[in-house]
Amino acid sequence: MLCIGLEGTAHTLGVGVIDSDGKIYANIRSEYVPKSGGIHPREAAQHHGVVLATKLQEALEKSSLTFKDIELIAFSRGPGLGPCLRVTATAARALALLLDIPLVGVNHCVAHIELGRLVTGFKDPLVVYVSGGNTIVSAYEAGKYRVFGETLDIALGNMLDTFARAAGMPHPGGPKIEKLAKNDSAEFISLPYSVKGMDLSFSGLLTAAVNTLKKGVQLEDLCFSLQEVSFAMLTEVTERALAHTEKPEVLLTGGVAANKRLQEMLQIISHEHDALFGAVSPDLAGDNGVMIGWTGLIQFIQGDILDIESSQILPKWGLSAFEFTRT
Ligand code: AMP
Ligand code: MG
């Protein structure tokens, strides 16, 4: 069965084509990059609306398919920014009606995890999902992905991007910080380490890093220290969740999964707990339509289909609010 997945929760408009065997035909993405500051929801939505038709066409061409071959439409129903979600949901409904095929609404966070399981082959991982909008440590138990730890304020990726912006680096800041942090002679600058129970807080760390920047320290030293402190916080929570759940695998996904230092830290604790470690490659770890298509197919097989009338978006649809039988 062939499915088109439409992703549009935040900055990325994604169109993915995938079949029920997990074969990926196309992964087309277009990212809205704000001229200044953070994401403006209305501008991001406008971007998605403008590029959507062209990206759909591109995805079909890349797949050597036509609309006639498509048997299912899946869209990111939440969580995310309302204006952005509405654009992709409207397109998905129109396509389902026009092609007379079923419509499935997918939880964006579950989709990151399910595609991660597909590409790594992991059966039952502890998941570390770190992106521009989310920082979640989660594992599947009794019909749901349970949240073991999460950020209490801003996401890890957002923290890195905001710091980078303050330091005059263009968006996305994460990869630029990683490059500067690689300096072998970097010196550690003390920054606040904030783990609260199983949860994380990055806003005080961000403020302290920006204030330290103004004191004229070496940017390389600060980038290095910011990574060390924030990644160590995440690693501590992950290790505790791993010790508690005794999962056999640790899966790192989301845009920040591309970071080699974070991969290294998580790999060390995974091995200490006899768990396998895997990171999803950046093209499939960041927001994309393939993950929506793949999870849509799993849900369809379980009979989880939406009527157009009740296919409203769910901007606050948390990861553990979604009951889901894993295959
Ligand atoms: P997503 O929201 O999943 O599309 O991921 C985007 C986020 O990933 C942004 O905050 C980026 O700065 C971050 N990111 C991408 N590559 C890296 C990297 N190499 N190191 C740290 N963060 C990264
Ligand atoms: Mg995401």
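One-based numbering, in listed order, for ligands and for the atoms of each. Just so you know, these numbers come straight off a predicted model, no measurement behind them.
Residue, atom and distance of the protein heavy atom nearest to atom 9 (C) of ligand 1 are D161 OD2, 3.3 Å. Scanning all protein heavy atoms for the shortest distance to atom 20 (N) of ligand 1 gives N259 ND2, 3.0 Å. Regarding atom 14 (N) of ligand 1, its nearest protein heavy-atom neighbour is G255 O, 3.5 Å. Shortest contact from atom 19 (N) of ligand 1 to any protein heavy atom: E178 OE1, 2.7 Å.
With respect to the salt-bridge test (charged N to carboxylate O, under 4.0 angstrom), the residues D283 and R29 do not qualify. Between E236 and R240 there is a salt bridge, with a side-chain nitrogen of the basic residue lying less than 4.0 Å from a carboxylate oxygen of the acidic one.
Checked by distance only, ligand 1 and G157 come closer than 3.5 Å through their nitrogen or oxygen atoms. At least one N or O atom of H11 sits closer than 3.5 Å to an N or O atom of ligand 1. Between L160 and ligand 1, no pair of N/O atoms sits closer than 3.5 Å. Distances between N or O atoms of G254 and those of ligand 1 include no value under 3.5 Å.
In summary, the side chains of T162 and N158 do present a donor paired with an acceptor at a separation below 3.5 Å, with no hydrogens or angles considered. With no hydrogens or angles considered, a side-chain donor-acceptor pair links H47 and S30 at under 3.5 Å. Between S203 and D153, the side chains place a donor N or O and an acceptor N or O closer than 3.5 Å (distance only, hydrogens not considered). Between the side chains of D19 and Y25, a donor-acceptor pair is found at a separation under 3.5 Å.
A cation-pi geometry, defined here as NZ or CZ lying under 6.0 Å from the six-membered ring centre and within 45° of its normal, does not hold between R261 and F231.
Every atom of ligand 1 with a heavy atom of G286 under 4.0 Å away is listed here by number and element: 3 (O), 4 (O).
When the heavy atoms of G132, P175, G174 are ranked by distance to atom 16 (N) of ligand 1, first place goes to P175.
Shortest distance from the Mg ion (ligand 2) to H112 is reached at NE2 (N/O/S atoms only). Closest N/O/S atom of D287 to the Mg ion (ligand 2): OD1.
Vertex the Mg ion (ligand 2); arms to H108 NE2 and Y129 OH; angle rounded to 10 degrees, 80°.
Remark: the backbone N or O of H11 is not paired with any side-chain donor or acceptor of D287 at under 3.5 angstrom.
Not a single N, O or S atom of S131, from either the backbone or the side chain, sits less than 2.8 Å from the Mg ion (ligand 2). Under 2.8 Å from the Mg ion (ligand 2) lies no N/O/S atom of C109, from backbone or side chain alike.
Contacts with ligand 1 closer than 4.0 Å are made by heavy atoms of both the backbone and the side chain of V256.
Between H112 and Y129, the ring planes are tilted. Angles from 30° to 60° get that label.
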